[in-house]
Amino acid sequence: MRPQPRRALRIALAAALVAAPLTVAATSAAQAAPSTAAVQLQGVGLDDPHKKDIAMQLVSSAENSSLDWKAQYKYIEDIKDGRGYTAGIIGFCSGTGDMLDLVQHYTDLKPGNVLAKYLPALKKVNGTESHSGLGSAFEKDWATAAQDTVFQKAQNDERDRVYFNPAVNQAKADGLRALGQFAYYDAIVMHGPGTSSDSFGGIRAAAMKKAKTPAQGGDEVTYLKAFLDARKVVMKKEEAHSDTSRVDTEQLVFLNAKNFDLNPPLKWKVYGDSYAINS
């Protein structure tokens, strides 16, 4: 049976909710900051607008079985993973705090918006899988809000603040080009920021025990293979992540082709489905 695509921003959950919980440290400026001085890189980074759009399509192929990531602003569903509602372009969850942060940011940008009235309920359900105070009315209002460009901006802002920018900045500091920057981003989306063994920081630490980063004088292929291997070990610990095709038939395909700059055409598979970005 094909696994359900994961929409998986993971910030800490109560242990009772998940059999093998991810212990993720709270995002902070210190965690987001690269641990080594930035190095001079060749090629275009993932923060280039076109490369960033490619990254979003790649993630969406795994998270949504679609390359149309911009259609996901309105997405909202309980995927029965113990995290309550999962929603939006990167999987903001009512049970993990990031949905609360998103709606608060939206309200800061646009007071009195259609979701602002749910802030008290989102605070109460944080850390649980409960829908108390949310339910069908919240789902309907989320879809309404998704048509608002201010809410779309809020989703983009929170994606960048918590996931994209920290991942890309760290990858650049480690001397990795666009492919490595994407490998970091995809990992932080699924496993969350932090320093625990099951988080992005833990995966990076495990990889660095096996190979040096390019910034440390190591080989880029060798290090990225070590990083992807370390990530697969973590993925296999949780049933919902145990299909590692987003590594095996996506990222490793690009790495084996030595497409460090993620230049199209790109062809890959996720969960058995084929995708292509031609330009």
Side-chain angles (χ1 to χ4, degrees), residues 5-15 17-18 21-32 55-56 59-60 62-64 69 72-110 113 115-116 118-134 138-139 141-143 145-146 148 150-168 184-196 198-202 238 240-241:
R6 296 288 301 160
R7 303 185 50 84
L9 299 182
R10 305 309 72 164
I11 300 176
L13 276 180
L17 291 181
V18 183
L22 302 180
T23 305
V24 180
T27 303
S28 67
Q31 289 171 329
M56 289 300 296
V59 171
S60 188
E63 301 287 317
N64 308 108
W69 67 269
Q72 310 309 320
Y73 289 110
K74 65 180 182 296
Y75 170 84
I76 183 166
E77 180 182 11
D78 188 333
I79 62 175
K80 307 302 181 184
D81 63 351
R83 295 172 171 98
Y85 282 116
T86 297
I89 58 170
I90 208 71
F92 303 98
C93 293
S94 60
T96 62
D98 47 338
M99 182 180 285
L100 171 60
D101 289 346
L102 167 62
V103 175
Q104 184 61 65
H105 180 50
Y106 181 31
T107 302
D108 291 342
L109 294 175
K110 187 175 182 178
N113 67 74
L115 296 180
Y118 296 103
L119 281 169
L122 286 169
K123 290 176 183 177
K124 288 182 179 179
V125 302
N126 188 20
T128 78
E129 59 185 339
S130 174
H131 294 179
S132 179
L134 301 172
F138 178 67
E139 295 174 31
D141 286 340
W142 183 281
D148 183 0
V150 178
F151 187 48
Q152 294 173 15
K153 171 178 166 48
Q155 290 198 36
N156 293 343
D157 288 348
E158 287 300 286
R159 171 203 62 201
D160 290 350
R161 180 182 72 86
V162 181
Y163 302 97
F164 188 84
N165 292 343
V168 171
Y184 275 21
Y185 175 52
D186 192 60
I188 205 171
V189 165
M190 176 176 281
H191 305 287
T195 57
S196 70
D198 289 335
S199 71
F200 163 71
E238 187 175 352
H241 294 156

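A donor-acceptor pair under 3.5 Å is absent between the side-chain atoms of Gln72 and the main chain of Ser60, judged by distance alone.
Put simply, the side chain of Ile89 does not reach to within 4.5 Å of the side chain of Val59, judged on heavy atoms. Within the 4.5 Å cutoff, the side chain of Asp198 has no heavy atoms near those of the Glu238 side chain. Annotation: side chain of Leu100 is in contact with side chain of Lys123 (closest heavy-atom distance under 4.5 Å).
Taken from CG in Leu102 to CD1 in Ile90, the straight-line distance is 12.0 Å, to the nearest 0.5 Å. The OH atom of Tyr185 sits 12.5 Å away from the CE atom of Met190 when rounded to the nearest 0.5 Å. The distance from the NE2 atom of His191 to the CZ atom of Phe200 is 10.5 Å, given to the nearest 0.5 Å. Separation of atoms CG (Leu119) and OG1 (Thr107) is listed at 4.5 Å; rounding is to 0.5 Å.
Partners of Tyr106 according to the ring pair (Phe, Tyr, Trp, His ring centres under 6.0 Å) rule, which considers only residues two or more places apart in sequence or in another chain, are Phe151. In this structure, the ring pair (Phe, Tyr, Trp, His ring centres under 6.0 Å) partners of Tyr85, at least two apart in sequence or on a different chain, are His131, Phe138. For His105, the side-chain contact (heavy atoms from CB on, under 4.5 Å) test picks out Leu109, Ala154, Asp157, Glu158, with sequence neighbours left out.
Minimum interatomic distance between Ser94 and Ser130 (heavy atoms only, all atoms of both residues): OG-O, 4.5 Å. For Ser132 against Val125, the heavy-atom pair with the smallest separation is O-CG1, 3.5 Å. Pairing each heavy atom of Gly133 with each of Ala121, the nearest pair is O-CB, 3.7 Å. Considering every non-hydrogen atom in both Ala146 and Lys74, the closest pair reads CB-CA, 3.4 Å.
Checking Asp108 against Gln104 by side-chain atom types alone, a donor-acceptor pair falls below 3.5 Å. Between the side chains of Thr96 and Asp98, a donor-acceptor pair is found at a separation under 3.5 Å.
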Next on the checklist: side chain to side chain donor-acceptor pair (under 3.5 Å), that's the test. Do Tyr73 and Asn156 meet it? Break it down for me.
Outcome noted: CA-CA 9 Å; Tyr73 289 110; Asn156 293 343; 2.9 Å; yes

Item to check | side-chain contact (heavy atoms from CB on, under 4.5 Å) evaluation trace for Tyr118 with Asp141 | outcome: CA-CA 10 Å; Tyr118 296 103; Asp141 286 340; 2.7 Å; yes

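Screening Asp78, Thr86, Asn126 for a side-chain contact (heavy atoms from CB on, under 4.5 Å) involving Cys93 leaves a single residue, Thr86.
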